Amino acid sequence: MDKDSGNVVVSHKAVDPSDVVMEEYLQKAIEKLMKTEYTEANLADCRVVANLVNHPADFVANSAQISLDFFDAIKGATKINGGDLLFFRAQNDDLVDMTGMIKLDYNAKYLHSIEYDEDLLVNTIIQNKTILPAPVTTVKDGFLVMGDTIRIQSKKYDNNGEDWTFAQNILQIPVVKKVSEEIKVIERTVKETAKKIHGKRCVDGTRNA
């Protein structure tokens with residue numbers, strides 16, 4: 001999704017799974033996605049993702065449609081980066097099926113380039129604005145489906161004065177608490193309960209004395 005050129009180019013077929021570079025990049029990217037803080041949603045509550053998971057024969061077509069919708073939503077947003085959307089179907093070490101997507105935000109990098117001026121070779125420097133991030137870079141937007149659960153990573157952006165998220169605007173999933181936030185609430189409740197019990201014991205001990 002190249003916002004500078006105004007173009008979105010979708011694949012007409014899946015990449016070769018035997019490509020060593022692609023396999024290594026995808027494996028590291030999925031591992032990073034699984035380690036990133038996420039929210040959870042039920043697969044049945046998200047038609048967009050459910051279509052991708054439940055119709056493997058139409059995987060390329062459905063992923064292409066999500067890409068077109070994504071690009072159409074962000075092409076006028078100055079604070080949302082363009083990037084590649086990497087869709088995948090895979091299995092983990094326990095042979096559990098996984099379906100997911102990772103947005104790979106473009107980076108601007110300076111590159112060495114060779115040009116010719118009237119048959120004379122000239123070394124120069126150019127800027128490429130569509131460099132992909134390292135596969136270990138934190139995922140800002142993406143999802144991973146295992147069973148009936150969708151793990152979602154969705155950053156909040158300012159889109160011309162309004163809040164915009166991949167989860168709400170593309171996947172059409174309502175806001176939910178992150179799993180880590182729910183764990184923190186449980187931990188805080190346990191600590192507060194423990195303090196109350198400890199305080200009661202101290203008071204009871206004083207009375208017994």
Side-chain angles (χ1 to χ4, degrees), residues 1-15 21-22 25-26 28-30 32-33 36-41 43 45-89 98-111 113 125-145 150-176 178:
M1 302 185 297
D2 188 349
K3 292 175 62 180
D4 286 342
S5 67
N7 295 318
V8 55
V9 180
V10 296
S11 294
H12 294 167
K13 61 181 293 185
V15 298
V21 174
M22 187 68 190
Y25 190 98
L26 181 57
K28 290 181 178 179
I30 293 175
K32 189 63 180 180
L33 176 63
T36 303
E37 190 176 44
Y38 60 88
T39 60
E40 286 189 351
L43 182 61
D45 295 332
C46 182
R47 179 184 57 81
V48 175
V49 178
N51 283 340
L52 194 69
V53 174
N54 297 330
H55 300 90
D58 299 323
F59 186 80
V60 173
N62 286 331
S63 62
Q65 187 59 55
I66 294 173
S67 302
L68 292 170
D69 292 341
F70 203 130
F71 184 75
D72 188 56
I74 70 169
K75 61 185 180 183
T78 59
K79 296 184 179 180
I80 305 176
N81 289 347
D84 280 7
L85 298 183
L86 178 59
F87 293 85
F88 61 87
R89 293 172 59 86
M98 301 185 299
T99 300
M101 186 218 82
I102 301 172
K103 182 172 181 277
L104 306 170
D105 286 349
Y106 290 149
N107 296 318
K109 299 289 184 180
Y110 292 93
L111 305 175
S113 177
I125 296 175
I126 62 172
Q127 187 182 54
N128 189 323
K129 296 183 179 180
T130 56
I131 301 294
L132 296 179
V136 294
T137 302
T138 298
V139 178
K140 296 179 181 177
D141 296 293
F143 65 82
L144 179 69
V145 182
I150 313 174
R151 297 181 178 183
I152 307 162
Q153 176 57 32
S154 181
K155 180 181 177 180
K156 182 185 292 185
Y157 297 91
D158 176 5
N159 182 15
N160 300 321
E162 296 183 357
D163 288 343
W164 189 97
T165 67
F166 163 65
Q168 289 181 273
N169 295 80
I170 303 300
L171 301 185
Q172 299 177 4
I173 296 176
V175 175
V176 292
K178 292 185 178 180

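We count residues from 1, following the sequence as given. As a basis for the values below, the full set of heavy atoms in this structure was taken, side chains included, without hydrogen atoms, waters or symmetry mates. Small disclaimer: the values here were computed from a predicted structure and weren't measured.
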Test side chain to side chain contact (heavy atoms under 4.5 Å, CB included) applied to Tyr38 and Leu144, step by step: CA-CA 10 Å; Tyr38 60 88; Leu144 179 69; over 6 Å; no

[atom1] of [X] to [atom2] of [Y]: how many Å apart, nearest 0.5 Å?
X	Y	atom1	atom2	value
Phe59	Leu52	CZ	CG	4.5 Å
Thr99	Phe87	OG1	CZ	11.5 Å
Asp69	Ile74	CG	CD1	11.5 Å
Leu43	Ile150	CG	CD1	5.0 Å
Lys140	Gln153	NZ	CD	10.5 Å
Leu171	Met101	CG	CE	7.5 Å

Looking at Glu162, I'd like to know if its CD atom is crowded, meaning that more than 12 non-hydrogen atoms belonging to other residues, nucleotides or ligands lie closer than 6.0 Å.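 Result for CD/Glu162: open.
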
Over 12 foreign heavy atoms within 6.0 Å of CD1, Ile126: yes

Got [X] and [Y] here, is their nearest side-chain heavy-atom distance under 4.5 Å?
X	Y	value
Leu68	Asp72	no
Tyr25	Leu104	yes
Met22	Leu86	yes

Carefully, step by step, assess Phe88 and Ile102 under the rule side chain to side chain contact (heavy atoms under 4.5 Å, CB included). CA-CA 9 Å; Phe88 61 87; Ile102 301 172; 4.0 Å; yes

Sidechain-backbone polar pair: [X] side chain, [Y] backbone, donor-acceptor under 3.5 Å:
X	Y	answer
Lys79	Tyr157	no
Asp45	Ile173	no
Ser154	Phe166	yes

Write down the atom of [X], the atom of [Y], and the distance for their closest heavy-atom approach.
X	Y	answer
Ile170	Ala73	CD1-CB, 3.9 Å
Val10	Ser67	CG1-CB, 4.0 Å
Leu33	Phe143	CD2-O, 3.6 Å

Is there a side chain to side chain contact (heavy atoms under 4.5 Å, CB included) between Tyr106 and Asp84? Walk through the geometry before answering. CA-CA 7 Å; Tyr106 290 149; Asp84 280 7; 2.5 Å; yes

Please report the C-alpha distance between Lys103 and Asn81 in whole Å, then the side-chain angles of each, then the deciding distance to 0.1 Å, and finally whether the side chain to side chain contact (heavy atoms under 4.5 Å, CB included) criterion is met. CA-CA 10 Å; Lys103 182 172 181 277; Asn81 289 347; 4.2 Å; yes

